[in-house]
2 protein chains.
Amino acid sequence: MSVTIYDIAAEAEVSIATVSRVLNGSPRVAKATRARVHRVAERMGYQPHALAQSLARQTTGLVSAVIPVLTNDFYMEVLRGIQDAVAQSDFDLLVYAASDPEHVDGQLARALQRGRAEGVLLLSTPVDAARRELLNGSTVVLLDVADAAFDSFTVDNSLGGYLATHHLLENGFQRIAHISVVPEPLPARERRAGYERALAEAGRTPLIAASDQRPYGFSEAAGYEAMTALLALPERPDAVFIASDAQALGALSALREAGLSAPHDMAVVGFDDIKVAEVVGLSTVRQPMHEMGRLAVERLVARLADSQAPPIQHVFSPTLVVRASSARRV
Amino acid sequence: MSVTIYDIAAEAEVSIATVSRVLNGSPRVAKATRARVHRVAERMGYQPHALAQSLARQTTGLVSAVIPVLTNDFYMEVLRGIQDAVAQSDFDLLVYAASDPEHVDGQLARALQRGRAEGVLLLSTPVDAARRELLNGSTVVLLDVADAAFDSFTVDNSLGGYLATHHLLENGFQRIAHISVVPEPLPARERRAGYERALAEAGRTPLIAASDQRPYGFSEAAGYEAMTALLALPERPDAVFIASDAQALGALSALREAGLSAPHDMAVVGFDDIKVAEVVGLSTVRQPMHEMGRLAVERLVARLADSQAPPIQHVFSPTLVVRASSARRV
DNA sequence: ATGAAAGCGCTAACAT
DNA sequence: ATGTTAGCGCTTTCAT
């Protein structure tokens with residue numbers, strides 16, 4: 001049906017080897033032949049067959065991104081960065097998203113299938129023993145999770161938690177609570193640790209709420225529930241640092257429904273700096289999501305070229321973004 | 001390096017054909033042999049080589065989505081729908097996103113490369129003569145754009161514009177403006193037509209603003225500029241229907257910066273119903289983005305199975321979502 | 001400078 | 001029930 005190098009070879013009266021050479025820009029071809037083959041290929045509308053090329057070259061030109069849940073602005077932002085960087089490379093991008101983090105392994109297995117992608121970007125998925133086995137032999141770059149055996153790009157979550165809490169302390173808030181996640185993934189644990197450290201330095205006691213929202217805790221619903229719990233407390237906190245912006249959005253809803261508002265009744269600081277955060281004036285700790293995705297891809301591409309380099313652990317420093325929701329009490 | 005069917009064949013003392021049969025579940029294999037081959041394959045940790053399989057089968061198991069710009073919540077939502085449906089199929093998903101709509105053809109060409117994907121989902125990209133040529137022979141489903149030669153999933157934009165405008169009229173607003181896009185793509189033109197129809201029925205005159213934001217008009221910046229222009233008018237409108245939520249967000253910012261607010265000083269209705277719309281209380285015309293993506297994939301998969309069916313043009317009816325930004329003047 | 005031929009790893013007739 | 005073999009479309013030695 002469609003034109004192959006055999007057709008071109010016949011038409012140009014050369015062998016398929018010569019056609020292949022010309023098409024791949026080998027210098028070992030006579031000028032006249034080269035021109036003729038090019039002309040014929042052009043005229044016949046030749047297009048290389050990606051699959052056949054890949055099989056012969058033993059390389060697919062594909063990288064894949066494995067994402068725990070797409071219904072999450074954090075991942076969406078990272079994905080944008082990934083896509084941008086991939087578009088600037090010679091690779092094409094396969095996207096594997098799970099319905100929730102617990103089902104990520106199925107997608108991961110597909111992404112890792114032999115002869116599929118050359119490398120994979122794995123997001124927010126801790127490398128346990130089973131996964132280490134799966135990943136064995138593949139070129140992998142980790143995002144939002146670190147592991148000594150792989151390149152990784154993470155944010156200093158503990159610092160982020162500290163910055164947020166310190167900011168609330170500085171603004172004079174007295175009873176600063178924290179909303180975390182159950183079950184608590186490592187990033188959340190680290191954010192909480194930063195919160196606790198800041199409080200400890202100030203000689204305050206932590207107050208932690210979290211609702212058990214399986215399978216995915218970084219959600220509006222989880223934030224809503226946790227805030228509801230906080231509001232039911234006999235002595236209501238006057239500020240809260242929340243483990244993610246998504247939860248913070250839910251928490252703000254709960255606040256609003258209770259006839260309260262931030263920062264007047266309770267100051268709120270989130271984490272991530274997703275786009276809505278700016279729109280609603282939510283103070284937050286910013287992760288450079290776009291850049292994380294971009295750099296991870298660049299690293300993956302580099303590693304594909306040089307698999308020997310020792311793994312690097314890139315830790316971004318998050319930055320505090322102060323908006324209306326944590327304004328100092330007047 | 002990695003184990004092939006030859007290794008298994010040798011180990012199980014059968015031919016590669018038998019191995020292939022067993023692995024593909026052919027019934028024409030003796031029970032004992034089947035069991036033995038399975039055991040060996042398992043033990044050796046065999047994984048089929050996607051590429052080789054694809055080349056032999058002449059089918060890749062890949063579909064691709066071509067997106068004009070990823071920095072846009074509308075496309076993100078559609079992409080989620082696409083991903084959800086793809087995950088339920090036997091296909092894997094390639095994502096090709098352009099930096100802006102004018103550069104979509106490069107990505108489209110990659111997506112269409114012979115031996116890459118079996119079908120492509122093309123978003124918001126009108127099929128002109130050049131593209132028709134490109135798409136010729138490929139299995140394509142169109143989203144947000146219609147063309148008689150292909151399956152397409154679109155929304156009744158004109159109806160949407162009508163609904164929005166009619167709603168504003170009903171709520172008693174007097175001077176209802178419209179913010180469109182320059183250059184004006186077909187969906188925007190249709191939305192404007194709906195707006196004009198509603199106004200004409202009410203015997204009012206249209207008032208249209210739009211800023212020239214190349215290459216992509218459905219943006220916050222564009223909305224901001226257009227609203228600024230409206231505010232500079234001697235007689236300020238008291239309501240506005242805006243061609244997209246993204247622009248509406250920018251318009252709301254402009255309003256706020258001018259010390260004004262919606263709906264008090266000007267009622268605002270957007271289009272799309274992206275997630276932030278709900279958060280900021282923006283009235284809007286909802287497109288079923290997730291479902292559009294999902295159904296488009298299902299259609300693509302169906303067409304891949306039966307290429308003879310005549311193209312279908314699926315037109316969704318948008319729905320009006322009333323929130324605070326267009327509340328009736330008290 | 002060019003051609004012949006051996007793969008790449010698998011599927012699918014066609015034989016037996 | 002199983003094996004032999006010819007592709008799938010291309011790249012890449014190895015000859016000439």
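In what follows, every chain begins at residue 1, and chains take the letters A, B, ... in the order their sequences are listed. Computed from heavy atoms alone, side chains included, the values below leave out hydrogens, waters and symmetry copies. Keep in mind the model is a prediction, meaning the values are calculated, not measured.
Put simply, CZ on A/R28 and CZ on A/R34 are 12.0 Å apart, with the number rounded to the nearest 0.5 Å. One finds the CZ atom of B/R131 at 5.5 Å from the OG1 atom of B/T125 (value rounded to the nearest 0.5 Å).
For the pair B/L55 CG and C/dT11 P, the interatomic distance rounds to 11 Å; values are reported in whole Å. Between the CG atom of A/L51 and the P atom of C/dT11 there is a distance of 13 Å, rounded to whole Å. Rounded to whole angstrom, the span from the CG atom of B/D7 across to the P atom of C/dG9 amounts to 9 Å. Rounded to whole angstrom, the span from the CD atom of B/Q53 across to the P atom of C/dC10 amounts to 7 Å. The nearest whole Å value for the distance from the CD atom in B/Q47 to the C1' atom in C/dC10 is 14 Å. Atom OH in A/Y6 sits roughly 10 Å away from atom C1' in D/dG7 (whole-Å rounding). In this entry the distance linking CG of A/L23 with P of D/dG9 reads 15 Å, nearest Å. Atom CD1 in A/I8 sits about 8 Å away from atom P in D/dC10, given to the nearest Å.
Here the side chain of A/R28 is nearest to one of C/dG7, C/dA1, D/dG3, namely C/dA1. Considering only side-chain atoms of A/I5, the nucleotide from D/dT11, D/dG9, C/dC10 that sits closest is D/dT11. Taking only side-chain atoms of B/A17, from C-beta outward, the nucleotide of C/dT2, C/dA12, D/dG9 with the closest atom is C/dA12.
Between B/R299 and B/D151 a salt bridge is recorded (basic side-chain N to carboxylate O distance below 4.0 Å). A salt bridge is absent between B/E13 and B/R36; no separation between the charged side-chain nitrogens and carboxylate oxygens falls under 4.0 Å. Checked for salt-bridge contact, B/E42 and B/R39 miss the test: no charged N lies under 4.0 Å from a carboxylate O.
For A/Q58 and D/dT11, the shortest distance from a side-chain N or O to OP1 or OP2 is not below 4.0 Å.
Heavy atoms of A/S20 sit under 4.0 angstrom from at least one base atom. Among the heavy atoms of the strands lying under 4.0 Å from B/A30 are primed sugar atoms or P, OP1, OP2 only; no base atom is included. Looking at heavy-atom distances under 4.0 Å, A/I16 makes contact with a base. In this structure, B/S54 reaches neither bases nor backbone, as no heavy-atom distance under 4.0 Å exists between it and the strands shown.
Along DNA chain D, the nucleotide closest to B/V29 and the one closest to B/A52 are compared, and the more 5′ of them pairs with B/V29. Comparing B/R21 and A/T18 against DNA chain C, the residue whose closest nucleotide sits nearer the 5' end is A/T18.
Side-chain to base pairing of A/R57 with D/dG9: no donor and acceptor N or O lie closer than 3.5 Å to each other.
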